[in-house]
Amino acid sequence: MSTLTFPVLHVLADGQFHSGETLAQRFKVTRATIWNAVQHAESLGVEIFSVRGRGYKLPQAIDFLDKNEVIKSIGEQRAWFDLQILDEVTSTNAYLMQQKRFAHATCVAAHVQTHGKGRRGRTWVSQLGASLTFSLLWRFQCGAAALSGLSLAVGVALIRALSSLGVSHAQLKWPNDVLVDGKKLAGILIELQGDLEGPSVAVIGIGFNLNLPNNVLESIDQPAIDLASVAKQAINQSMLLGVLLKRLAEVLSGFETHGFIGLRDEWLRYHAYENKPVRMLLPNGTDVQGLVKGVADDGILLVETALGLQRFSAGELSLRGLV
Ligand code: ATP
Ligand code: BTN
């Protein structure tokens with residue numbers, strides 16, 4: 001761990017060479033201390049070129065999150081949020097879940113997650129400057145039992161945000177993956193605290209691929225895609241986070257009042273597998289095939305199978321398309 005790692009990375013963010021000596025002078029430390037800071041950055045998966053006589057350089061310029069820009073992009077609801085931007089954290093979800101003191105609408109975004117997680121203990125892959133990773137804590141008066149459609153509602157917020165940024169062909173895979181051309185662009189992990197009766201707290205974690213190098217995209221064990229390859233214009237990550245928070249505020253307030261039912265028709269318009277044949281992978285290792293027949297008012301997936309219309313809840317299931 002080096003406290004200078006991120007200050008040095010902020011200087012290197014311009015994508016130019018900076019000599020060890022200039023950096024050492026700037027931070028009033030030795031060149032060995034700068035070297036240590038660079039070593040720590042490399043241990044976080046950041047690639048840094050080190051060239052004798054020229055210094056250190058990132059493969060390309062990177063765009064760090066800028067709190068003022070995020071707040072500006074949220075618009076009218078900016079006062080709702082308490083935004084924290086961390087350089088390095090295990091997981092923004094774990095960070096918000098561990099602590100009880102966070103206020104409603106606290107958003108924590110991280111430049112680097114060392115243990116980003118997906119559902120059921122799976123790993124979420126991200127990289128400094130190439131991914132947006134953040135979590136939003138939302139307090140609900142109702143209990144966890146009434147939040148079954150929440151993860152689908154969050155998917156709607158992401159699609160609205162993408163659409164307002166000119167990406168109009170994104171779709172949702174039940175319960176909430178965001179796909180473009182059948183490949184995963186963003187993932188949502190919701191963790192709940194509280195009683196079935198209420199009140200409850202939801203930590204809504206979102207990981208978005210911005211411009212991951214091909215080798216990283218290919219290392220992911222399912223087809224993945226990034227925003228740079230689907231957007232017509234460059235989208236700055238601070239602006240993206242602001243727009244996502246604006247849409248989340250809109251959707252979550254609607255969800256508090258009306259539940260998922262008010263968003264159901266819209267969700268179905270974005271549904272990648274509507275009326276398509278799928279395979280549901282069950283926790284006991286077996287699978288069920290059928291034709292998707294939409295979702296119920298509480299977000300439960302309806303599938304026409306050999307046994308008739310079956311209802312599946314998100315908890316332990318994985319859905320796979322058959323075409
Ligand atoms: P489901 O179980 O609902 O079918 P899933 O297979 O997408 O969903 P999740 O737990 O939702 O699984 O997401 C974690 C998975 O996402 C990982 O196992 C990996 O396959 C994939 N993944 C990890 N990082 C990324 C990323 N940056 N972009 C796209 N996909 C990723
Ligand atoms: C999934 O598709 O399984 C969900 C992936 C969610 C990833 C995000 S990144 C920010 C937040 N912190 C985490 O550790 N996970 C979520």
Side-chain angles (χ1 to χ4, degrees), residues 45 65 84-86 88-98 106-138 150-152 154-155 158 170-191 202-230 237 240-241 244-245 248 271-273 278-283 285 287-288 292 295 299 301 303 312-322:
L65 282 168
Q84 300 181 21
I85 298 177
L86 307 179
E88 178 189 338
V89 70
T90 51
S91 143
T92 53
N93 259 49
Y95 181 82
L96 281 176
M97 284 296 285
Q98 272 159 17
T106 299
C107 171
V108 173
H111 288 128
V112 171
Q113 285 194 136
T114 53
H115 294 85
K117 52 182 184 171
R119 300 199 305 145
R120 281 168 270 152
R122 289 185 284 223
T123 301
W124 184 255
V125 175
S126 64
Q127 206 176 73
L128 174 75
S131 312
L132 172 64
T133 51
F134 71 98
S135 303
L136 174 64
L137 183 144
W138 206 262
L150 178 63
S151 73
L152 283 79
V154 171
L158 268 58
Q171 291 187 301
L172 292 170
K173 181 190 134 189
W174 182 88
N176 56 14
D177 287 355
V178 178
L179 308 180
V180 171
D181 299 333
K183 299 175 186 170
K184 189 159 165 180
L185 173 70
I188 300 165
L189 171 67
I190 298 188
E191 295 181 276
V203 172
I204 302 165
I206 296 174
F208 230 101
N209 299 329
L210 302 175
N211 55 345
L212 286 172
N214 278 340
N215 64 324
V216 177
L217 281 174
E218 282 156 16
S219 74
I220 297 169
D221 60 4
Q222 65 174 291
I225 198 163
D226 60 15
L227 198 55
S229 42
V230 300
Q237 68 160 318
L240 174 64
L241 176 54
L244 285 165
L245 290 174
L248 281 163
H271 187 192
Y273 292 107
V278 293
R279 196 155 59 101
M280 307 296 308
L281 311 177
L282 305 180
D287 63 9
V288 180
V292 178
V295 287
L301 185 74
V303 185
F312 293 98
S313 60
E316 292 294 318
L317 290 173
S318 287
L319 179 147
R320 296 287 176 266
L322 285 175

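This chain uses plain numbering: 1 for the first residue, then up along the sequence. Just follow the structure's listing: the first ligand is 1, and inside any ligand the first atom is 1.
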At their closest point, which heavy atom of W124 faces which heavy atom of F208, and how far apart are they?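 Nearest heavy atoms, W124 then F208: CZ2-N, 4.4 Å.
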
Nearest atoms (heavy-atom pairs only) where N211 meets A130: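 Closest pair (atom of N211, atom of A130, distance): OD1-CA, 3.0 Å.
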
Distance under 4.0 Å to a non-hydrogen atom of [X]: what atoms of ligand 2 satisfy this?
{"X": "T92", "value": "10 (C), 11 (C), 12 (N)"}
{"X": "G116", "value": "14 (O)"}
{"X": "S135", "value": "11 (C)"}
{"X": "D177", "value": "2 (O)"}
{"X": "G118", "value": "1 (C), 3 (O), 4 (C), 5 (C)"}
{"X": "R119", "value": "3 (O)"}

Relative to the heavy atoms of [X], which atoms of ligand 1 are at a distance of less than 4.0 Å?
{"X": "T123", "answer": "17 (C), 23 (C), 24 (N)"}
{"X": "D221", "answer": "18 (O), 19 (C), 20 (O)"}
{"X": "R119", "answer": "1 (P), 2 (O), 3 (O), 10 (O), 11 (O)"}
{"X": "L319", "answer": "4 (O)"}
{"X": "R120", "answer": "2 (O)"}
{"X": "N209", "answer": "26 (C), 27 (N), 28 (N), 29 (C)"}

I need the contact type for R122 against ligand 1. Using non-hydrogen atoms and a strict under-4.0 Å cut-off, is it side chain, backbone, both or neither?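 The answer is the side chain of R122.
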
Could you grab the distance from atom [atom1] of [X] to atom [atom2] of [Y], nearest 0.5 Å is fine?
{"X": "I225", "Y": "I220", "atom1": "CD1", "atom2": "CD1", "result": "11.5 Å"}
{"X": "M280", "Y": "D287", "atom1": "CE", "atom2": "CG", "result": "10.0 Å"}
{"X": "S131", "Y": "D226", "atom1": "OG", "atom2": "CG", "result": "9.0 Å"}
{"X": "I188", "Y": "L158", "atom1": "CD1", "atom2": "CG", "result": "5.0 Å"}
{"X": "T133", "Y": "L128", "atom1": "OG1", "atom2": "CG", "result": "9.5 Å"}

Return yes or no for this condition: an N or O of W174 is under 3.5 Å from an N or O of ligand 1.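 No; every N/O pair is 3.5 Å or more apart.
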
Less than 3.5 Å between some nitrogen or oxygen of V125 and one of ligand 1, yes or no?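 Indeed, backbone or side chain, V125 has an N or O that close.
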
Report yes if [X] has an N/O atom closer than 3.5 Å to an N/O atom of ligand 2; otherwise report no.
{"X": "H115", "result": "no"}
{"X": "W124", "result": "no"}
{"X": "T133", "result": "no"}

With a 4.0 Å cut-off on heavy atoms, is I225 in contact with ligand 1?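 Heavy atoms of I225 never come under 4.0 Å of ligand 1.
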
Is there a heavy atom of K183 sitting under 4.0 angstrom from any atom of ligand 1?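 No.
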
Give a yes-or-no answer on whether the side chains of T114 and E88 include a donor-acceptor pair shorter than 3.5 Å.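 No.
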
Closest approach of any protein heavy atom to [atom], naming residue and atom:
{"atom": "atom 8 (O) of ligand 1", "value": "D177 OD2, 3.7 Å"}
{"atom": "atom 25 (C) of ligand 1", "value": "W124 CZ3, 3.3 Å"}
{"atom": "atom 5 (P) of ligand 1", "value": "Q222 NE2, 3.6 Å"}
{"atom": "atom 22 (N) of ligand 1", "value": "I220 CG2, 3.5 Å"}
{"atom": "atom 2 (O) of ligand 1", "value": "S318 OG, 2.5 Å"}
{"atom": "atom 12 (N) of ligand 2", "value": "Q113 OE1, 2.8 Å"}
{"atom": "atom 11 (O) of ligand 1", "value": "K184 NZ, 3.4 Å"}

Heavy-atom distance to atom 6 (C) of ligand 2: which of K184, K117, R122 wins?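 Among K184, K117, R122, the closest heavy atom to atom 6 (C) of ligand 2 belongs to K117.
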
side-chain contact (heavy atoms from CB on, under 4.5 Å) between L227 and L132: does it pass, once the steps are laid out? CA-CA 10 Å; L227 198 55; L132 172 64; over 6 Å; no

Taking K173 for the side chain and L319 for the main chain, is one N or O donor matched with an acceptor at less than 3.5 Å?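 Yes, the answer is positive, given that a donor and an acceptor are paired below the 3.5 Å cut-off.
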
For the residue pair I85 and F134, establish whether any side-chain heavy-atom pair is separated by less than 4.5 Å.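 When only atoms from C-beta onward are counted, F134 and I85 do not touch, as no gap falls below 4.5 Å.
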
Within a strict 4.5 Å, meaning less than it, do heavy atoms of the V278 and L301 side chains meet?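 When only atoms from C-beta onward are counted, L301 and V278 do not touch, as no gap falls below 4.5 Å.
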
Trace of the side-chain contact (heavy atoms from CB on, under 4.5 Å) decision for E191 with S135: CA-CA 10 Å; E191 295 181 276; S135 303; over 6 Å; no

NZ of K183: more than 12 outside heavy atoms within 6.0 angstrom?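 Result for NZ/K183: open.
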
Does the side-chain contact (heavy atoms from CB on, under 4.5 Å) test come out yes or no for V203 and Y95, once each step is laid out? CA-CA 10 Å; V203 172; Y95 181 82; over 6 Å; no

How far apart are the C-alpha atoms of L136 and L244, what are their side-chain angles, what is the distance that settles it, and do they pass the side-chain contact (heavy atoms from CB on, under 4.5 Å) test? CA-CA 11 Å; L136 174 64; L244 285 165; over 6 Å; no

